[in-house]
**Student:** 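Mind looking over this structure? Questions follow.
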Amino acid sequence: MNTDLWKTILVAKQEKHKKLFLNYKNLCKFPHELLKDGGSEYLEHLYMKMNSLTTLPENLGEKLPNLTELYLHSNNISVIPEAIGALVKLQSLDLSNNALAILCPEIGRLKSLRHLRLANNQLKFLPSEIGDLRELQTLDISTNCLTALPESLHLCFALQYLAADRNHLKNLPRQLCMLPNLNELSVTSNCLKCLPQDLGRYPELQYVYVDNNFQLYGLPSYLYNKVIGHSGCGSSLKNEEVKLSFTHRQLTITVPDEIQTIGTENDTVPPLQEMVMRTIYKFYHTSKKGLDLLSPNSLPRNLCKLLFYPLGHCHHCSQPMFTIVYPKCFPLTETPMAALYNGRTKMSFVAYCCSIKCLRVFDLLS
């Protein structure tokens, strides 16, 4: 360790500094001086960006027990030790622009964490334990190798900003629509073909960016009158096979995989399974304990899960839907937004309704 760095750390420990800046120090290893002799118990903010660190010490939580902010942007960190979970007071963690391929489940032990930045890494999945971060407000996982997001994300009740740009996402979990405080969602440059039916149902969500998802042609009607970025969408030249879709004026619009049936004008009565699910849902939701009364063995697992997390809610009457939807298409070129696109967009707003009656009366502009 060079003399200047040693003096900087020594002074910080002796004078009980709360902030320590070790950016641009050409560090290949975490400074041992910072951890010896009881560590730095007064240190709360540690900045170590633009170094060459490859890992973190196992005793980090023990030696820096009051750390609330840890900035490790632009290093070469490939592994985060399980001991990261010991930093129980940590509120902000920046691991952007590193070499992380795996995020350890112990990340879920950071109960005070509010801001987590993991952009520009090599992550292929996120642990389900990320749903344990109930105080998390900001999550940036852009520019990774993710193909899916964990359903448990909907348990991050405080989440306000979620960025997952430039990954390989093929769909978004419908549970994401249940985040009560989500204000901004950015999932540009992925492989999305459709969006969850309820996206935008909560008024808190005001900004949605889905640009450059080339096979995406439909936006849930809940997003009308919100700030939407969708340049590059609906421009795919590929005709890849999809599970279920419907056609509107020569445009094929993909619907979420969980939908079993697309209702038409001829389907005046929903299928029996749909009617049974709606009846069960209504029965349990009128009881004081709600779905908690439902025995896990009373229904097949997939149907039981649907009762807790329906496919979506009717865009007209808010009736929950479980197996069938009745879609109604509103091309952007036929809305007041048409002037913004000069007739060049193939995008449409899609209203997902629960019945023919709702389908016929729904009006996007009313």
Side-chain angles (χ1 to χ4, degrees), residues 1 5 8-10 12-23 25 27-49 51-119 121-141 144 150 152-153 155-159:
M1 181 185 299
L5 180 60
T8 299
I9 295 175
L10 183 62
K13 294 178 71 172
Q14 289 177 343
E15 298 183 1
K16 301 178 181 179
H17 289 183
K18 291 186 177 182
K19 291 186 178 181
L20 179 59
F21 294 89
L22 299 178
N23 303 320
K25 298 295 185 181
L27 294 172
C28 295
K29 294 182 179 180
F30 200 91
H32 178 66
E33 284 294 324
L34 193 58
L35 304 175
K36 66 184 296 188
D37 300 328
S40 303
E41 59 180 317
Y42 297 98
L43 192 62
E44 296 180 3
H45 313 272
L46 179 57
Y47 302 84
M48 300 184 70
K49 70 178 183 179
N51 284 289
S52 300
L53 301 176
T54 57
T55 188
L56 298 176
E58 291 284 349
N59 59 347
L60 189 63
E62 175 189 347
K63 299 298 183 178
L64 305 176
N66 292 304
L67 207 60
T68 61
E69 294 185 347
L70 179 58
Y71 294 95
L72 298 163
H73 185 288
S74 300
N75 279 275
N76 294 316
I77 299 172
S78 58
V79 177
I80 295 294
E82 297 178 359
I84 191 74
L87 293 171
V88 293
K89 294 185 179 181
L90 198 64
Q91 296 181 16
S92 186
L93 175 60
D94 189 347
L95 286 161
S96 303
N97 200 24
N98 276 278
L100 288 176
I102 296 177
L103 188 64
C104 62
E106 285 70 22
I107 197 77
R109 292 168 54 194
L110 302 178
K111 304 299 184 182
S112 299
L113 198 64
R114 296 180 180 179
H115 308 286
L116 177 58
R117 294 178 173 86
L118 300 166
N121 278 283
Q122 300 167 23
L123 296 171
K124 294 183 178 179
F125 68 93
L126 296 178
S128 60
E129 287 79 5
I130 203 164
D132 295 334
L133 304 177
R134 304 300 165 84
E135 300 297 323
L136 192 65
Q137 298 175 11
T138 302
L139 177 60
D140 188 353
I141 45 177
N144 277 281
S152 60
L153 260 182
L155 296 173
C156 298
F157 303 121
L159 194 62

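Scope of the values below: all heavy atoms of this structure, side chains included, with no hydrogens, waters or symmetry mates. In this chain, residues are counted from 1 in sequence order.
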**Student:** How long is the span from the NZ atom in Lys13 to the CG atom in Leu43, to the nearest 0.5 Å?
**Tutor:**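 Interatomic distance, Lys13 NZ to Leu43 CG, rounded to 0.5 Å: 10.5 Å.
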**Student:** I'd like to check Leu70 versus Asp94 (side-chain heavy atoms, cut-off strictly below 4.5 Å). Are they in contact?
**Tutor:** no
**Student:** Sub-3.5 Å donor-acceptor pair from the side chain of Asn144 to the main-chain atoms of Leu118, do we have one?
**Tutor:** yes
**Student:** For a side chain to side chain contact (heavy atoms under 4.5 Å, CB included) check, start with the C-alpha distance between Leu116 and Thr138, then their side-chain angles and the critical distance, and finish with the verdict.
**Tutor:** CA-CA 6 Å; Leu116 177 58; Thr138 302; over 6 Å; no
**Student:** What pair of heavy atoms forms the shortest contact from Pro105 to Pro127, and how long is it?
**Tutor:** CA-CB, 4.1 Å
**Student:** Please tell me if the side chains of Pro150 and Ile130 come closer than 4.5 Å, counting only heavy atoms from C-beta onward.
**Tutor:**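 Yes, close enough: below the 4.5 Å cut-off.
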**Student:** At what distance, to the nearest 0.5 angstrom, does CD of Gln14 lie from CD1 of Ile9?
**Tutor:**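 Going from the CD atom of Gln14 to the CD1 atom of Ile9 covers 12.0 Å.
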**Student:** What's the spacing between Lys36 NZ and Asn59 CG if we round to 0.5 Å?
**Tutor:**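 If we round to the nearest 0.5 Å, Lys36:NZ and Asn59:CG are 13.5 Å apart.
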**Student:** Look up atom CD in Glu41 and atom NZ in Lys63, then write down how far apart they are to the nearest 0.5 Å.
**Tutor:**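 Answer for the CD-NZ pair, Glu41 versus Lys63, is 11.0 Å.
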**Student:** Check side-chain contact (heavy atoms from CB on, under 4.5 Å) between Gln137 and all other residues, then give those that pass, not counting sequence neighbours.
**Tutor:** Arg114, His115, Ala158, Gln160
**Student:** Can you tell if the side chain of Ser92 reaches within under 4.5 Å of the side chain of Arg117, non-hydrogen atoms only?
**Tutor:**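 Side-chain contact under 4.5 Å: yes.
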**Student:** Which residues pass the side chain to side chain donor-acceptor pair (under 3.5 Å) test with Asp140, sequence neighbours left out?
**Tutor:**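 With neighbours one apart ignored, the set is Ser142.
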**Student:** Can you list the residues that meet the side-chain contact (heavy atoms from CB on, under 4.5 Å) rule with Ile102, with sequence neighbours excluded?
**Tutor:** none
**Student:** Apply side chain to side chain contact (heavy atoms under 4.5 Å, CB included) to residues Leu60 and Phe30 and explain how you reach the verdict.
**Tutor:** CA-CA 10 Å; Leu60 189 63; Phe30 200 91; 3.6 Å; yes
**Student:** Please step through side chain to side chain contact (heavy atoms under 4.5 Å, CB included) for the pair Leu110 and Leu136, ending with a clear verdict.
**Tutor:** CA-CA 10 Å; Leu110 302 178; Leu136 192 65; over 6 Å; no
**Student:** Determine whether Arg134 and Leu155 make a side-chain contact, defined as any pair of heavy atoms from C-beta on separated by less than 4.5 Å.
**Tutor:** yes
**Student:** Using the side chain to side chain contact (heavy atoms under 4.5 Å, CB included) rule, take Leu153 and Leu139 through it: C-alpha gap first, then chi angles, then the decisive distance, then the call.
**Tutor:** CA-CA 10 Å; Leu153 260 182; Leu139 177 60; 3.8 Å; yes
**Student:** Which residues satisfy the ring-ring contact (aromatic ring centres under 6.0 Å, His included) test with Tyr71, sequence neighbours excluded?
**Tutor:** Tyr47
**Student:** For the atom pair CD1 (Ile141) and CG (Leu103), what is the distance rounded to the nearest 0.5 Å?
**Tutor:** 10.0 Å
**Student:** Got a donor-acceptor contact below 3.5 angstrom from the Asn98 side chain to the Asn121 backbone?
**Tutor:**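 It does not hold such a pair.
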**Student:** Do any pairs count as a ring-ring contact (aromatic ring centres under 6.0 Å, His included) and have a residue in residues 92-112, sequence neighbours left out, and if so which ones?
**Tutor:**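 For residues 92-112: none.
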**Student:** Is Lys29 atom NZ crowded by more than 12 heavy atoms from other residues, nucleotides or ligands, each under 6.0 Å away?
**Tutor:**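 No - once you tally the heavy atoms of other residues, nucleotides and ligands closer than 6.0 Å, there are 12 at most.
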**Student:** Side-chain donor-acceptor pairs under 3.5 Å in residues 72-89, sequence neighbours left out?
**Tutor:**
residue	atom	partner	partner atom	Å
Ser74	OG	Asn97	ND2	2.9
Asn75	OD1	Asn51	N	3.4
Asn75	OD1	Ser52	N	3.3
Asn75	OD1	Leu53	N	3.1
Asn75	ND2	Met48	O	3.0
Asn75	ND2	Leu72	O	3.0
Lys89	NZ	Asn66	OD1	2.6

**Student:** Please report the interatomic distance CD(Glu44) to NE2(His17), rounded to the nearest 0.5 Å.
**Tutor:**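 Separation between the atoms: 13.0 Å.
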**Student:** Would you say Lys111 and Asp132 make side-chain contact, with heavy atoms under 4.5 Å?
**Tutor:**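 Sidechains of Asp132 and Lys111: in contact.
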**Student:** Test your reading of the model: is there a side-chain donor-acceptor pair from Lys49 to the backbone of Leu22, 3.5 Å cut-off?
**Tutor:**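 No, Lys49 side chain to Leu22 backbone: no donor-acceptor pair under 3.5 Å.
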